[in-house]
Amino acid sequence: MDPLSALREFTIRGELDKIIRFNDEFRFGSDYSFVCSTSTAYRSKQGNLYTLETLVYYIKNHHVKHTDYIQNARTQGIPTVTFPDRKPLLDYLTGKVSTSDSIEFLVPQNPRFPDLPLPAIDEYRPDDAVVSGSNDVVEPGPVDDRARVYGEPERIDYMALIRSSERPLKDREALLESKGRNFHSVLTTSTRREEERQRIESQQRKDGLVAKSRLMSADERGMGGYGDEMGYDPNPKPKMHMKGGKMGEGVPIILVPSAFQTLITMYNVKEFLEDGVYIPTDVKAKQMKGLKPDCVTVQKKFSRDRDRVVTAYEVRDKPSALKAEDWDRVVAVFVLGKDWQFKDWPYKDHVEIFNKIKGFFMRFEDDSLESAKTVKQWNVKIISISKNKRHQDRAAALEVWDRLEEFMRSRSHS
């Protein structure tokens with residue numbers, strides 16, 4: 001684009017403030033850049049072509065009284081627009097008129113023949129072909145007829161003509177520099193997410209080590225997995241997990257559904273079983289920024305009495321990831337009420353599952369009975385909680401613990 005057209009475009013768009021002088025050139029935003037002394041296509045009535053510097057200064061000060069405008073321009077050493085040219089020039093630059101007799105767009109010279117004017121070139125049609133003196137067909141396209149004087153057809157390099165009249169402001173390397181853009185916030189956000197993920201994983205490992213160390217210390221004292229809330233028990237008991245008639249070794253496992261439509265999930269199981277507080281899954285997932293742990297360690301921190309209890313459990317939601325020996329440590333499951341939850345489990349039917357594993361079904365107390373229609377046919381304990389009365393959550397959590405401990409004691413004595 002030529003300087004005059006660029007100035008008119010920015011004037012009509014009201015973006016004159018984006019035309020910035022930098023050393024000896026004007027920069028039109030990030031679109032164009034021209035030397036200040038470049039002659040424009042607007043010719044004054046006195047016969048000379050106005051420079052870009054003159055027109056930029058005028059359009060930015062056209063509201064100033066003509067005598068003051070001339071005095072200020074001379075103080076800065078800038079040539080001025082004559083009084084007869086002010087109104088026609090302003091009308092053209094502001095878009096009130098689309099053209100003017102004073103405009104003379106110069107046709108760039110052919111770089112190969114600078115001493116000859118460019119010829120008038122007919123409209124190019126792809127179907128046309130330029131034929132030389134022989135029967136050979138030359139590639140279609142306009143041809144500079146003057147080149148035949150020198151013995152060979154010459155194709156016009158339009159890109160060279162454009163580059164000769166314009167100065168590119170940016171190249172492809174400059175565009176990659178992203179000046180004026182700051183990606184620090186993106187880096188900060190990603191760093192925080194990574195730190196939060198590492199913190200959760202570290203806490204999970206810590207909880208697992210604490211639970212395993214307590215169980216190991218209990219085993220060394222011959223307590224077999226029983227103990228009070230601090231892990232002590234004066235009466236040794238057998239280990240807590242069944243394995244072919246004997247309890248399996250290791251931390252007990254509680255399974256929860258991976259689906260969001262169940263009340264207890266990997267997101268909120270720790271607060272419910274440890275603190276006796278129910279937090280909806282969507283709320284807890286938002287707090288954890290969607291980072292669901294693979295394994296959660298829970299401990300019973302409250303009780304109605306001083307009964308001896310197992311101090312720690314592992315909670316998981318991926319039964320398919322369990323090894324054959326891990327199933328001997330599974331002691332409880334929160335059921336979704338769907339048969340597909342037990343697909344590929346190493347048991348033949350629901351009777352066998354809930355004979356070896358304690359089942360729980362969580363529901364809101366005001367839900368319809370249809371939601372528990374299927375689980376009523378299974379040997380599971382239905383636990384009801386209120387949607388709004390959070391002070392009742394502790395009693396529901398205690399009921400889960402009581403039923404689980406009763407089930408495990410009965411299995412260990414059998």
Side-chain angles (χ1 to χ4, degrees), residues 1-123 142 144 146 156-169:
M1 180 175 287
D2 66 283
L4 181 62
S5 299
L7 180 58
R8 183 173 187 265
E9 176 183 326
F10 273 65
T11 302
I12 294 174
R13 289 181 354 209
E15 297 179 352
L16 290 176
D17 57 319
K18 294 186 178 181
I19 303 177
I20 306 299
R21 179 162 184 165
F22 186 80
N23 294 332
D24 62 341
E25 65 181 20
F26 281 112
R27 292 187 176 179
F28 289 66
S30 60
D31 299 332
Y32 314 108
S33 176
F34 303 99
V35 177
C36 297
S37 58
T38 300
S39 296
T40 67
Y42 201 94
R43 186 176 296 278
S44 72
K45 297 186 183 302
Q46 296 178 352
N48 60 296
L49 293 174
Y50 286 121
T51 64
L52 179 61
E53 180 181 38
T54 298
L55 297 188
V56 170
Y57 185 79
Y58 165 69
I59 195 61
K60 288 187 176 184
N61 297 274
H62 70 275
H63 56 282
V64 178
K65 188 177 179 181
H66 188 65
T67 54
D68 295 336
Y69 157 72
I70 293 177
Q71 184 177 355
N72 295 338
R74 287 178 178 175
T75 301
Q76 300 184 39
I78 301 175
T80 60
V81 174
T82 63
F83 184 78
D85 288 330
R86 284 178 61 104
K87 183 64 167 60
L89 177 60
L90 181 62
D91 290 344
Y92 175 73
L93 292 179
T94 56
K96 291 183 178 180
V97 296
S98 59
T99 185
S100 172
D101 294 338
S102 300
I103 298 175
E104 299 178 4
F105 286 108
L106 300 178
V107 180
Q109 291 182 327
N110 190 321
R112 189 176 180 88
F113 308 106
D115 55 332
L116 296 176
L118 286 173
I121 299 176
D122 296 333
E123 179 184 358
D144 190 343
R146 297 163 302 152
I156 299 173
D157 189 349
Y158 288 105
M159 291 304 298
L161 297 180
I162 294 174
R163 292 191 182 99
S164 66
S165 60
E166 293 193 5
R167 180 179 178 183
L169 181 61

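Numbering starts at 1 and runs along the sequence shown.
Within a 6.0 Å radius of NZ in K18, other residues, nucleotides and ligands contribute 12 heavy atoms or fewer. The environment of CD in E15 is crowded: more than 12 heavy-atom neighbours from other residues, nucleotides or ligands sit within 6.0 Å.
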**Prompt:** Would L7 and I59 satisfy side chain to side chain contact (heavy atoms under 4.5 Å, CB included), going step by step from the backbone distance to the final call?
**Reply:** CA-CA 9 Å; L7 180 58; I59 195 61; 4.1 Å; yes

**side chain to side chain contact (heavy atoms under 4.5 Å, CB included) between R21 and V56, worked out** = CA-CA 10 Å; R21 179 162 184 165; V56 170; over 6 Å; no

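Cation-pi contact between R86 and Y58: absent, since separation from the ring centre below 6.0 Å together with deviation from the ring axis within 45° is not met.
With contacts defined as side-chain heavy-atom distances shorter than 4.5 Å, the pair F26/E53 qualifies. The shortest side-chain heavy-atom distance between Q46 and T82 falls under the 4.5 Å cut-off. Side chains of I70 and F83 form no contact here, defined as non-hydrogen atoms less than 4.5 Å apart. Side-chain contact check for Y42 versus P88: some heavy-atom pair is nearer than 4.5 Å.
Not a single donor-acceptor pair under 3.5 Å links the side chain of T40 to the backbone N or O of P3. A donor-acceptor pair is defined here as one N or O able to donate and one able to accept, closer than 3.5 Å; such a pair exists between the side chain of T54 and the backbone of P79. Not a single donor-acceptor pair under 3.5 Å links the side chain of S5 to the backbone N or O of D2.
Taking CG of L52 as the reference point, atom OH of Y57 lies at 15.0 Å (rounded to 0.5 Å). Rounding to the nearest 0.5 Å places CG of L93 at 10.0 Å from NE2 of H62. Remark: D68 CG to H63 NE2 distance equals 10.5 Å, nearest 0.5 Å. Atom CG of L55 sits about 13.0 Å away from atom CZ of R8, to the nearest 0.5 Å. Put simply, CG on L89 and CG on L4 are 8.0 Å apart, with the number rounded to the nearest 0.5 Å. Distance OG1/T11 to CG/L90: 9.0 Å, rounded to 0.5 Å.
Among all heavy-atom pairs drawn from K45 and D85, the shortest one is CG-OD1, 3.1 Å. Listed here is the closest heavy atom pair of T80 and Y69: CA-OH, 3.5 Å.
Applying the side chain to side chain donor-acceptor pair (under 3.5 Å) test to E9 and every residue at least two apart in sequence or in another chain returns R13.
Between Y32 and F28, the ring-plane angle classifies as perpendicular under the 30° and 60° cut-offs.
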